[in-house]
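Below is one structure, written out as structure tokens; comments come after it.
We count ligands from 1, going down the list as the structure has it; atoms in each ligand are counted the same way.
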Amino acid sequence: LAGRLGASLGLPVYVVGGFVRDLLLQRPNQDIDLVAEGDGLRLARALAKELGGRVREHRKFLTSMVIFTDTQGREQRLDVATARLEYYEHPAALPTVELSSIKMDLFRRDFSINALAVRLDGSFGQLVDFFGGQRDIKDKVIRVLHTLSFVEDPTRCLRAVRFEQRYGFHIGQGTEKLIKNALSLKLMDRLSPQRLYGEFRHLCEEDAPLACFTRMDQLGIWEAIAPQLGLTPTRKALLQRLQEISGWYRLLYFEEEPLPWLVYFLGLNHGLNYALTAEHYRRLGLPEALRAVVLSQREHLRSLGSQLARRQAEGAAPSALCALLRPLRLEFLLYLMAQTSDAPLQKNISRYITQWRRETADITGDDLRRLGLAPGPACGRILAAVLRAKLDGQAPTAESQLALAAS
Ligand code: ATP
């Protein structure tokens, strides 16, 4: 459709970037980025009209997003950018060159494997590969397009690791040298926390973040971001457990999903004091709205750990363990489970995550009203007591709970 519309508007249109890379790697990718040579906004409006959707425009950058509902009722988004013919004035080192607009657009990208395009109008399906992306995919290499790439944007150091680990590729020798050079020039210090957060979040959303974290450690990227974030053997073992537990939780298909960045942030800061953790939270640009909650829950967890172990050893009832665990966010529960070596306690934390925290009494306020109780705080206390009895197996059925409430 984009090709047909492009042809009728006289605009060469390409699908670019990750979609093309994953097409060649035969991997699924739903993120379609289009580039039109000329006026991408016109193409976006035409697409929105055909698809019955709407356009969100960023006129300043000549980019837009087409938002529409697909045949299965799901909302879909298409990014449409504009490539224009212009002189490319590179800071230092590189000469001023005139590139065709799509070549220019691709040259701005991070790695050769991400600088591929497929033409959609006219010669539909023609692969556009100016920088050896196809060869690098075949050779499984992550390679930048020019020597100043990491100077231009140091987040690419993290992106290189992410793609390398995701695809089982390797960062090319020259590119690795450029990363180390960028680190020794302290270019990471120039990165804003917001940019770091974007990349950190992507890393945590990978299937195996630990492989990325380990490679970052080996390249010295953690140290460049914050010296204390390096991976000690203890932290590495804990992150491994966190990765396994996150996988376990994902397979339970609960609606509530943990924030991956928070789960791994806790693991990466394991054993560090409050001040350092707070500093790392700031440096990684993590969401301000959660800052106070995260830091206070983390402190709370320190004292809770020993309390839980003691209560477990004393054979505490489920309701007593629930009372201790209730204040914790899901990410902290996963973190707690990962660091607990006491097998019965670990089992109870997993029971709390999967069952106990979801339990409610089988009777409601309406049942209490029918028993003649006026609505008020007492009802809440009775229902809480009924739930405790249910968790501890003393009132498993609605009848027994009603009897308990009546008493
Ligand atoms: P993913 O599968 O993780 O989404 P992606 O390649 O689609 O990978 P995006 O971050 O969505 O990643 O970026 C889309 C495209 O934009 C990339 O393929 C790349 O061409 C370009 N790009 C993204 N970030 C940068 C960057 N920091 N520097 C240069 N080009 C970039």
Check this for me: does any side-chain nitrogen of one of D392 and K390 sit under 4.0 Å from a carboxylate oxygen of the other? no
So, do W222 and F213 have ring centers that fall under 6.0 Å from each other? yes
Kindly indicate whether a cation-pi arrangement holds for R302 with Y274, taking the cut-offs as under 6.0 Å to the six-membered ring centre and within 45° of the axis. no
Axial cation check for Y197 ring with R201, 6.0 Å and 45° limits: yes
Please check if the distance between the ring centroids of F107 and F130 is under 6.0 Å. no
Could you check ligand 1 for N or O atoms lying under 3.5 Å from protein N or O atoms and list the pairs with distances?
unit_1: ligand 1; atom_1: 2 (O); unit_2: R21; atom_2: NH2; d: 3.1
unit_1: ligand 1; atom_1: 2 (O); unit_2: R166; atom_2: NH1; d: 3.0
unit_1: ligand 1; atom_1: 2 (O); unit_2: R166; atom_2: NH2; d: 3.4
unit_1: ligand 1; atom_1: 3 (O); unit_2: R162; atom_2: NH1; d: 2.8
unit_1: ligand 1; atom_1: 3 (O); unit_2: R166; atom_2: NH2; d: 2.6
unit_1: ligand 1; atom_1: 6 (O); unit_2: R21; atom_2: NH1; d: 2.7
unit_1: ligand 1; atom_1: 8 (O); unit_2: R21; atom_2: NH2; d: 3.4
unit_1: ligand 1; atom_1: 10 (O); unit_2: R159; atom_2: NH1; d: 3.1
unit_1: ligand 1; atom_1: 16 (O); unit_2: R109; atom_2: NH1; d: 3.4
unit_1: ligand 1; atom_1: 18 (O); unit_2: G18; atom_2: N; d: 3.2
unit_1: ligand 1; atom_1: 20 (O); unit_2: R109; atom_2: NH1; d: 3.0
unit_1: ligand 1; atom_1: 20 (O); unit_2: N114; atom_2: O; d: 3.0
unit_1: ligand 1; atom_1: 24 (N); unit_2: R159; atom_2: NE; d: 3.4
unit_1: ligand 1; atom_1: 24 (N); unit_2: R159; atom_2: NH1; d: 3.4
unit_1: ligand 1; atom_1: 24 (N); unit_2: R159; atom_2: NH2; d: 3.3
unit_1: ligand 1; atom_1: 27 (N); unit_2: D153; atom_2: OD2; d: 2.7
unit_1: ligand 1; atom_1: 28 (N); unit_2: R156; atom_2: NE; d: 2.8
unit_1: ligand 1; atom_1: 28 (N); unit_2: R156; atom_2: NH2; d: 3.2
unit_1: ligand 1; atom_1: 30 (N); unit_2: D110; atom_2: N; d: 3.1

N/O donor-acceptor pair under 3.5 Å between R54 side chain and A48 backbone: no
